[in-house]
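Reviewing the structure listed below.
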Amino acid sequence: MNIKKNLLILILITICVTANAQLYVAPSPTDVSFIYVNDTFVYVEQDVELESNATASIVTQRKVPNIALRNGAQLLQGNGADQLNKGTGDVSIYQEGTTNQWDYNLWASPVGVAVNNDGSVRSGGNGIFAFRDPSIVSGLTVPQKVFYVPTIGGAGIEINSNPASFAIGYNGTSGPNSGQLNIAAFWIYGYEAGNSTADFIAVQNTGSLPAGLGFTMKGVNGADATDAGDGVANNLGVLGDGLGQRIDFKGRPNNGTITATVLPNTQTITGNPYPSALDLNYFLLLNSNSGTFTTETLPNGNTVSFTGTDITEGIAYFWDSDPTAQTHFTEEYQAGYGMYSPMGLLESDGMYVAAKYLMYDEAGNPIVGSETGIVGADYDRRFSPIGQGFMVTGSALQTTDTFTFTNDMRIFVKEGNNSDFRTNEETSDNDVVEAIGVGTYYEDINNFPTFTQFKIGVNINDTYGRELGVGILDHATRGYDIAMDGKSAGSTETDITFSINEKDQFLINAVPDDEYQALQLVIKAETPSEFRFRAKDIIDFNYEGIFLFDTLTEVFYDIQNESILINLPVGNYPKRFEIRFTREIEETEEEDENSGEETEWEDDNETLDVEDVLLEESILESFIIFQNNTTNQLEIRNPNNIALANITLFDITGKQIFLSQYIGNKGIYTFPTSNLSTGVYIVTFVTEEGLTKARKISITNK
């Protein structure tokens, strides 16, 4: 892999390469030493050793890190023999939160502690991440406007940071003086599996977390206009530039294999543990029972090959909230978890459905919803940037409770529209964006292969909304698919989800590419409620429409072309409503042979005119033949109540399975199929007027 082609490193002071490490950075007897990386990445195949500049003769220079990553720069490390980073020095990495003093971001630290509180040096490897006394430099810091001018001459560059302080009470602050940051330690928590459940870990300003565990941390109030030399202020206020507080992670860079624990049906806060972006699909697929992946992705012809292990459900959950809800009381939050599914694919944008939360204005009045519902923001979650935290859920059938991060998942992707830690450098869909990784390589992440998909926005009582996602893929099944179907992180008393199995509620539903689709909904109404449906975000769709079907009234509603309002009384509706979409089967070989030829329709030796032919075709096309594999029955809809003489089912060899005769003109005919083998069948029916129609169906029974 030609990783050096984009490498631009400004090395201001001599860097020593010795037997100590593949990359070794240490101060000279007279001056500090560091690498300044701007807008690109550094790749080291093996280990990194950094020796602190804390002994510098000038006090302000003692804070100078050994590696400064700026303007989206990243550090990638490979799979060399030695992956234990060493030394007393540190790397400095900027990241911006997006919340105010009232709300959380989920974080994961890319660095660990190199020096203990007592001054002793930790052995090689990944250190804990500690929130501790400000007199110790590494940890969370805030950039200063302090320039370093090397003694050998040249322009000065920003390099220093001040340690963050910890506010007493519930509210963090930025400023008022430049380079100051007071974090509300009260809200810093981790969340990991205990003996039998998942437990909150009160980290605050005295605890610590091992690499691989994420944490909650609220934003701050106030502003800090300090420009640390890159044209970006530390904090213009949440409404200033769309970003929250900029912080500086300083410490020994994490590297190599990193693990954490999640128990069955419980959650753990984890996140990207590296000073580079993370290939999130790779992580989710490797740590779930999602199959074997072998893909030629590297420029040198190497392949990515791995088999997933049954540890997690293969879905990542991201916290999102309404910034106008200014309260510390969780019951008043307008917040929730959006979810990302890789859809069982390595090379894919996957699917993200937004969080559901209540929406109020600053005066406390509910905001009237749009036709597609009120939900959280839409994010492209495909790659996780430095510092990004998220939650994973343990598989109910897991073979081990330890999930793993590896260097193969590390990849250089600059932030844009790919996380809630956003920069101002949004990319256009027309831009070709290369992603260079240790284990993967993508020539253009703006043009991943697509799959048939759409979302359904459901506005609930003009107060909040749900977003449901549907993906149609060849490798999906009608049942629960790991790393594809996404379970709801929680529901309210009035809510809507998909039903895939008997016990769980789903917001993402992956189904096979069948001609007839019926996706069962579960609706709950605590009070008389309004549900407004509209299909949206439709991609590569080759079906004839998207419909909401009411099995009680047998009415189809076209939600692809219009917004549909359904009023429901109090109650639970586990099987009444379905999302339906169908397409006509391809012509048979016999039909293909006759295509383009003039055809005569004869009745009693008389040729029918064109109007008669069109009338007969319209009568036949009014019927809807559908195999409902969810309820294991064949359904034939007869909206015009046309009298039928018989209905016959054949297997693919032509063997007659059943024949139903003299069945009249009912609006719907149903036939159980649970006793049939999985496979393709042919349905035919004949009207009392002698018109005949045939259709293929696919029956799936487990």
Side-chain angles (χ1 to χ4, degrees), residues 452 454 456 470 472 478 498-499 509 511-521 533 535 538 541-562 564 566 575-588 591 613-650 657-661 663-674 676 679-700:
T452 301
F454 63 89
I456 303 167
V470 178
I472 298 94
R478 290 289 173 190
F498 284 118
S499 174
N509 193 350
V511 296
D513 188 12
D514 292 341
E515 294 170 304
Y516 308 100
Q517 308 275 7
L519 311 183
Q520 196 171 90
L521 298 174
F533 296 79
I538 302 170
F541 194 70
N542 58 358
Y543 290 79
E544 295 182 348
I546 303 172
F547 299 91
L548 175 69
F549 178 63
D550 186 337
T551 63
L552 179 63
T553 63
E554 299 185 3
V555 174
F556 286 84
Y557 300 94
D558 182 359
I559 61 173
Q560 182 175 356
N561 295 306
E562 57 183 325
I564 299 299
I566 301 293
K575 296 182 179 180
R576 177 172 169 179
F577 294 94
E578 297 174 342
I579 300 299
R580 294 279 188 102
F581 45 105
T582 67
R583 63 169 176 258
E584 295 292 331
I585 63 170
E586 296 178 358
E587 294 180 327
T588 65
E591 290 170 332
V613 173
L614 294 177
L615 177 60
E616 291 181 358
E617 289 180 348
S618 67
I619 291 173
L620 291 173
E621 291 306 313
S622 68
F623 287 86
I624 299 173
I625 302 174
F626 175 72
Q627 169 58 29
N628 192 334
N629 285 316
T630 303
T631 57
N632 299 115
Q633 65 181 13
L634 169 65
E635 302 174 8
I636 299 179
R637 306 283 174 176
N638 182 13
N640 296 329
N641 296 101
I642 298 168
L644 294 185
N646 62 69
I647 297 176
T648 311
L649 182 68
F650 300 92
I657 306 301
F658 67 72
L659 170 65
S660 181
Q661 294 179 301
I663 52 181
N665 61 345
K666 294 191 297 183
I668 181 172
Y669 306 90
T670 61
F671 304 93
T673 59
S674 59
L676 300 179
V680 177
Y681 294 79
I682 308 295
V683 180
T684 67
F685 66 81
V686 180
T687 71
E688 289 187 351
E689 299 297 325
L691 302 179
T692 301
K693 184 171 184 175
R695 182 63 51 83
K696 289 181 184 177
I697 62 169
S698 296
I699 295 177
T700 303

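Predicted, not measured: the structure shown is a model, and the values here were computed from it.
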- Task: Search all heavy atoms of Gly664 against all heavy atoms of Tyr669 and return the closest pair with its distance.
- Result: O-OH, 2.7 Å
- Message: Distance check, rounded to the nearest 0.5 Å: Leu644 atom CG versus Ile636 atom CD1?
- Response: 7.5 Å
- Task: Could you list the residues that satisfy side-chain contact (heavy atoms from CB on, under 4.5 Å) with Phe581, not counting sequence neighbours?
- Result: Phe454, Val470, Ile472, Gln517, Leu519, Phe541, Tyr543, Ile579
- Would you check if the side chain of Asn638 reaches a backbone N or O of Lys666 as a donor-acceptor pair within less than 3.5 Å? yes
- Query: Less than 4.5 Å apart, any side-chain heavy atom of Ile699 and any of Asn629?
  - Reply: yes
- For atom CD of Glu689, decide whether the heavy atoms of other residues, nucleotides or ligands shown that lie under 6.0 angstrom number more than 12. no
- Message: Nearest 0.5 angstrom please: Asn628 CG to Tyr516 OH, how far?
- Response: 13.5 Å
- Query: CG of Asp558 to CZ of Arg580: how many Å apart, nearest 0.5 Å?
  - Reply: 14.5 Å
- Flag side-chain contact, heavy atom, 4.5 Å: Phe533 against Leu521: yes
- When you look at Ile538 and Ile546, which way does the side-chain contact (heavy atoms from CB on, under 4.5 Å) test go after all the steps? CA-CA 10 Å; Ile538 302 170; Ile546 303 172; 3.9 Å; yes
- Query: What heavy-atom pair brings Gly545 and Gln560 nearest, and what distance separates the two atoms?
  - Reply: CA-OE1, 3.1 Å
- Task: Would you indicate whether the side-chain heavy atoms of Thr673 and Tyr681 approach each other to under 4.5 Å?
- Result: no
- Message: Quick check: do Val511 and Phe498 have side-chain heavy atoms less than 4.5 Å from each other?
- Response: no
- Task: Check for a donor-acceptor pair, side chain of Asn542 on one end and backbone N or O of Thr452 on the other, with a separation under 3.5 Å.
- Result: no
- Please examine the side chains of Ile456 and Leu548, heavy atoms only from C-beta on, and report whether any two atoms are closer than 4.5 Å. no
- Beyond-backbone contact of Leu649 with Phe671, side-chain heavy atoms, under 4.5 angstrom: no
- Item | Interatomic distance, Ile564 atom CD1 to Phe556 atom CZ [nearest 0.5 angstrom] | 13.5 Å
- Go through the side-chain N and O atoms of Asp514 and Gln627 and say whether any donor and acceptor fall under 3.5 Å apart. no
- Message: Strictly distance-based, threshold 3.5 Å: is any side-chain N or O of Thr551 a donor or acceptor partner for the main-chain N or O of Arg576?
- Response: yes
- Is Asn641 reaching over with its side chain to a backbone N or O of Asn665, donor-acceptor style, under 3.5 angstrom? yes
- Item | Pairwise distance OG1(Thr582) to CD1(Ile625) - rounded to 0.5 angstrom | 11.0 Å
- Could you state the interatomic distance from CD1 (Ile663) to CD (Glu688), rounded to the nearest 0.5 Å? 9.0 Å
- Residues Asp550, Phe577; criterion side-chain contact (heavy atoms from CB on, under 4.5 Å); working and verdict: CA-CA 5 Å; Asp550 186 337; Phe577 294 94; 3.6 Å; yes
